[in-house]
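Okay, so here's the structure we're looking at.
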Amino acid sequence: MICTVLGHGGASYDFEKDGKQVKGTKYMISVSCGEYPNDKEKGLSGEGEMCDKFKCDKVLTESVSCGDVVSLDIDYPNGYGTVGRVKSAMVQVDVEGHNYFLPIY
C-alpha cells in the first residue's frame, strides 16, 4: 500500500505475565491511505482522509518523517480488521525528477 506518513513513535511497556516481567517498547506508524471512496452503485459515500495505524519496527520510525510517501507491506496476524504489522517498507525518493522507492527493511 502506498501512503503518506502522518506520524510515528514508540511507547514503553512494563507488566507481569505468567509470573514473568515483560518490558519493551511498542513502535507504531500512522498513515493516510487516501480519500474516502464515493461509489453510488455500491452505496458508498464519504469525505475526508482514510487513516490507519500499524505496528512496526524501530528502524521504520527512525527512517521516515511526517509527510514522507512510503510503500508498506502489511500483515494482519489476528485477521483483517485488527491492528496490522508492517512486514516490509520502502520510502519514496526523488532522483533527478523521477520517483523511486528505496527499501527500508
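Please read all numbers here as calculations on a predicted model, not as lab measurements.
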Least distance between heavy atoms, C51 atom then L6 atom: SG-CD1, 3.5 Å
Donor-acceptor pair, side chain of D94 and main chain of G97, under 3.5 angstrom: yes
Heavy-atom side-chain proximity of S65 to V5 below 4.5 angstrom: no
Residue E35 excluded, over 12 heavy atoms near CD under 6.0 Å: no
Heavy-atom side-chain contact between D14 and Q21 under 4.5 Å: yes
Distance-minimising heavy-atom pair for P103 and M90: CA-CG, 3.6 Å
Separation of I29 CD1 from D57 CG (nearest 0.5 Å): 11.0 Å
V59-I74 co-clustered via ILVMFWY side chain contacts under 4.5 Å: yes
Salt bridge flag under 4.0 Å for residues D73 and R85: no
F15 and Y13 aromatic ring geometry - parallel, tilted or perpendicular at 30°/60° bounds: tilted
Same cluster (ILVMFWY, side-chain, under 4.5 Å), V83 and Y80: no
K55 vs M28 side-chain heavy atoms within contact, under 4.5 Å: yes
Gap between atom CG of L72 and atom OG of S88 - 0.5 Å precision: 8.0 Å
From S63 atom OG to I104 atom CD1, the distance as rounded to the nearest 0.5 Å: 5.0 Å
K53 side, atom NZ; S30 side, atom OG - distance, nearest 0.5 Å: 8.0 Å
Non-hydrogen side-chain atoms of C56 and T61 separated by less than 4.5 Å: yes
Close side-chain approach of V93 and F101, heavy atoms under 4.5 Å: no
Minimum-distance pair of heavy atoms, taken over all atoms of V64 and D68: CA-OD2, 3.4 Å
M1 and S71, any side-chain heavy atoms less than 4.5 Å apart: no
Pair K20 + E16, salt bridge at N-O below 4.0 Å: no
Any Y76 side-chain heavy atom under 4.5 Å of F54 side chain: yes
Minimum heavy-atom distance Y36-E47, with the two atoms named: CD1-O, 3.4 Å
Over all atoms of both residues, closest heavy-atom pair of G7 and C66: CA-SG, 3.8 Å
Minimum heavy-atom distance Y27-K58, with the two atoms named: OH-CD, 3.4 Å
Y105 vs V86 side-chain heavy atoms within contact, under 4.5 Å: yes
Side chain to side chain contact (heavy atoms under 4.5 Å, CB included) evaluation trace for V69 with I2: CA-CA 7 Å; V69 176; I2 296 177; 3.8 Å; yes
